[in-house]
Amino acid sequence: TIGGPLVPIGEGGEWLGPLSPTDRQQGRVAGLRECKHGLDIALDEGPLKAALYRWIDARAERIEREAQAAQDEKGGRDGK
């Protein structure tokens with residue numbers, strides 16, 4: 001983004017508002033999944049690729065759990 005991670009700017013130059021922690025976490029998970037695509041292109045099947053895939057999947061799951069916990073906590077504070 002032109003405006004950096006906290007000030008996203010749309011294609012037309014409009015301010016899209018601040019990113020929430022969930023937005024950032026979703027972006028991080030998407031980035032990890034893109035990394036796996038790069039590994040498919042760069043590496044042959046083998047133990048290194050398998051280990052990297054396991055690490056990426058575990059990290060993505062952790063980020064998703066953290067995002068869900070943040071949403072649950074936010075909902076609890078709002079009384080929802």
**Request:** Go through the steps to decide whether Tyr53 and Leu43 satisfy the test side chain to side chain contact (heavy atoms under 4.5 Å, CB included), and finish with yes or no.
**Result:** CA-CA 11 Å; Tyr53 265 42; Leu43 295 176; over 6 Å; no
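For Arg65, the salt bridge (Lys or Arg N to Asp or Glu O under 4.0 Å) criterion is met by no residue, not counting sequence neighbours.
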Ignoring hydrogens and angles, write down the donor-acceptor pairs under 3.5 Å from the side chains of residues 28-39, residues two or more places apart or on other chains.
residue : atom : partner : partner atom : Å
Arg33   : NH2  : Glu64   : OE2          : 3.1
Lys36   : NZ   : Asp57   : OD1          : 2.7

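Residue Arg62 places its CZ atom among 12 or fewer non-hydrogen atoms of other residues, nucleotides or ligands, all under 6.0 Å distant.
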